[in-house]
Amino acid sequence: MVPSFLERLQQGQTLLSDGAMGTELQKRGLNTDDCPEEFNLAHPEIVQSIYSDYFAAGSDIVETNSFGGNRERLSQYGKETEVTLFNRKAAELARAVCPQGHFVAGSIGPTGAMLEPMGTLAIQIAYDFFKEQAEALAEGGVHLFYVETMMAVEEAEIAVRAVKESTGLPVVGSMTFDLAGDSVRTSWGVDIPTMVQRLSDAGADILGANCGNGVEVVLRAMQEMRPITSLPLMAQPNAGLPEIKDSFIVYPETPESFEEKMKAVLAVGIGILGGCCGSGPEHIRHLRHLINHNKKGSDD
Amino acid sequence: MTEQLLQYLAECIERGKVNQQAAYPPDLSGRPGASEVTRELLDNGTAPNHILARALMVGMERIGEKFGSGQAFIPDLLIASKAMYAAMDHLKPYFESGAAQHKGTIILGTVAGDRHDIGKNLLRMVMEGNGWKAVDLGTNVSAEQFLAALQEHPDSLVGLSALLTTTMLNMERITKAIKAQSPQTQIFVGGAPLSQAFNDKIGADGYFPSPQDLVAHLETS
Ligand code: B12
């Protein structure tokens with residue numbers, strides 16, 4: 001029998017995820033004030049070309065274009081009634097180009113609103129928003145979920161629970177870390193032990209760090225997570241923080257430098273490796289090389 | 001007595017003790033918060049400007065410094081600004097009646113394509129706290145909206161905020177559009193990814209890493 005997604009991770013395999021969606025969409029025509037998820041309907045061929053390019057570059061898992069597809073974020077574009085449509089379509093487009101034995105992960109990002117009591121978004125409403133999004137992605141055929149780029153642990157927890165309870169599919173709980181002095185924390189002040197404890201309790205099958213402030217911080221996050229959890233880990237750093245050069249936006253890590261730095265991350269023992277903002281298909285091709293090479297090395 | 005109240009008020013701001021009912025922070029539970037203490041200070045005759053400078057801005061500055069050095073986080077900033085607003089609610093009537101004079105007007109906004117507003121809101125608070133009238137255009141603000149606001153408030157300064165490298169390019173467009181129409185308008189810029197070099201390149205009038213730095217600049221120029 002073909003091993004399932006979770007079985008492959010449990011066997012100790014490293015699966016390759018994809019690179020960025022947002023920055024790839026921008027390269028292919030998304031403007032700063034366009035709604036990225038609307039592209040699933042308005043320009044399906046563009047979204048699908050990104051999925052295909054990642055599979056062709058060697059990704060085992062490709063993420064749906066649905067990071068901001070919750071009701072709260074879509075309402076900023078007046079598109080709050082399109083949650084189901086945008087998300088289902090995001091998944092369907094990916095499934096249509098997903099080769100046998102490969103996977104589609106439903107991407108779920110933060111609402112962007114502050115939860116009660118600090119902010120105005122009620123816990124139950126946030127739960128319902130994530131549930132609504134997860135159900136639409138599951139309807140479109142995703143195999144698993146990435147709850148990602150979370151900064152507040154309460155929100156991450158609610159999203160993981162909502163996904164798990166409404167779909168039963170495997171879910172990654174991933175947050176964005178930075179350095180506060182010398183300590184690895186999210187911008188909300190959440191440290192690694194807290195994150196590991198609370199997202200494990202919420203039902204996450206995999207724990208991760210994504211985006212953030214370059215490969216070094218994600219490496220440190222992985223080093224802190226590895227000894228305190230037996231769950232598989234996911235590492236998806238961005239290609240550094242963007243800079244403007246001659247009116248163009250450039251990310252510091254080239255595909256080559258990214259591969260080089262990710263060696264140390266992989267060595268920590270990672271189940272899912274990939275990239276975030278600023279990494280494209282070429283970065284993923286390099287990570288494919290890194291993983292394959294690593295496997296050969298350990299087989300000798 | 002007044003001195004003690006001012007010190008306690010600064011602590012309420014720094015630690016985000018909004019009012020007496022507020023359960024946060026737990027060790028101040030049941031004690032008066034920013035709202036009650038400000039009221040009490042006003043009732044005993046303390047000047048609004050004095051309360052601002054000696055308590056509210058002191059608290060904000062302390063939490064800002066802790067944030068900058070990684071000892072405080074975004075929720076701490078947000079709860080501190082909540083306490084600040086609770087205090088400002090009592091001071092507003094004095095400023096609006098003209099009992100305390102405005103130093104001028106600043107038009108504020110986060111540039112088109114960008115919806116980060118935490119920094120911009122802190123900027124507004126610090127400007128208001130230092131005696132400026134703020135016209136806050138919100139987030140995702142276009143060049144046209146800034147120009148329309150300038151028509152309404154012709155002698156204002158403009159403060160632009162951007163947190164995304166992609167929207168820094170929009171900041172450049174907005175700055176150029178304002179300068180084309182109104183060359184004498186002073187434009188100040190801020191936000192984590194910016195620098196003085198970027199300010200110079202787009203032809204704005206100054207980059208400041210924190211709102212306090214902008215205030216200091218305005219006081220000395
Ligand atoms: C909170 C946050 C969010 C929240 C915003 C909530 C809100 N209501 O503002 C949410 C979740 C919605 C969000 C969304 C996104 N975010 Co965001 N976000 C952040 C985060 C964690 C903190 C920003 C912040 O508020 N800082 C605190 C404030 C107080 O600091 P500040 O804004 O710099 O302001 C201070 C000074 O700069 C100054 N200042 C600010 N403006 C001005 C103006 C003047 C005139 C002056 C004098 C001073 C001044 O005063 C303030 C006090 O000192 C940063 C990462 C980080 N740790 O910084 C990422 C970050 C800014 N986000 C990032 C990204 C990429 C995004 C998204 C594109 C993610 C996505 N893929 O969808 C979206 C964009 C949405 C949009 N269109 O804007 C990147 C930007 C990378 C880059 N350089 O381009 C960052 C750096 C994260 C990262 N490491 O990749 N984000």
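Here is the naming used below: chain letters follow the sequence lines, and residue numbers restart at 1 for every chain.
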Enquirer: What is the distance from atom CG of Asn140(B) to atom OG1 of Thr32(A), rounded to the nearest 0.5 Å?
Expert: 8.0 Å
Enquirer: For atom NZ of Lys66(B), is the number of surrounding heavy atoms from other residues, nucleotides or ligands below 6.0 Å larger than 12?
Expert: no
Enquirer: Please report the closest heavy-atom contact between Phe73(B) and Ala180(A), naming both atoms and the distance.
Expert: CE2-CB, 3.6 Å
Enquirer: Show, in sequence, the C-alpha distance, side-chain angles and deciding distance for Leu78(B) and Met114(A), and conclude whether the side-chain contact (heavy atoms from CB on, under 4.5 Å) test is met.
Expert: CA-CA 10 Å; Leu78(B) 293 174; Met114(A) 247 57 79; 3.7 Å; yes
Enquirer: Can you confirm whether more than 12 heavy atoms, excluding those of Asp182(A), are under 6.0 Å from its CG atom?
Expert: no
Enquirer: Taking Thr166(B), Thr167(B), Thr165(B) one by one, which has the highest count of heavy-atom pairs under 4.5 Å against chain A?
Expert: Thr165(B)
Enquirer: Kindly compute the distance separating CG (Leu169(B)) from CZ (Phe248(A)), expressed to the nearest 0.5 Å.
Expert: 9.5 Å
Enquirer: Is chain B contacted by the side chain of Thr186(A), its backbone, both, or neither, given a heavy-atom distance below 4.5 Å?
Expert: backbone
Enquirer: Go through the atoms of Pro193(B) and report whether side chain, backbone, both or neither lie under 4.5 Å from a heavy atom of chain A.
Expert: neither
Enquirer: Can you tell which part of Asn170(B) gets under 4.5 Å to a heavy atom of chain A, answering side chain, backbone, both or neither?
Expert: side chain
Enquirer: Taking NZ in Lys179(B) as the centre, count heavy atoms belonging to other residues, nucleotides or ligands within less than 6.0 Å. Is the count above 12?
Expert: yes
Enquirer: Measure distances from Ile244(A) to the heavy atoms of chain B and classify the residue's part below 4.5 Å as side chain, backbone, both or neither.
Expert: both
Enquirer: Identify which part of Gln76(A) has an atom lying under 4.5 Å from any heavy atom of chain B, answering side chain, backbone, both or neither.
Expert: both
Enquirer: Set out, in order, the CA-CA distance, both residues' side-chain angles and the distance that settles side-chain contact (heavy atoms from CB on, under 4.5 Å) for Met168(B) and Ser247(A), then state yes or no.
Expert: CA-CA 10 Å; Met168(B) 284 166 68; Ser247(A) 296; over 6 Å; no
Enquirer: Name the option with the most non-hydrogen atom pairs under 4.5 Å to chain B; the candidates are Gly189(A), Gly112(A), Gly119(A).
Expert: Gly189(A)
Enquirer: Establish, for the pair Arg115(B) and Tyr77(A), whether the NZ or CZ atom is under 6.0 angstrom from the six-membered ring centre and no further than 45 degrees off its axis.
Expert: yes
Enquirer: For Phe67(B), is it the side chain, the backbone, both or neither that has a heavy atom under 4.5 Å from a heavy atom of chain A?
Expert: neither
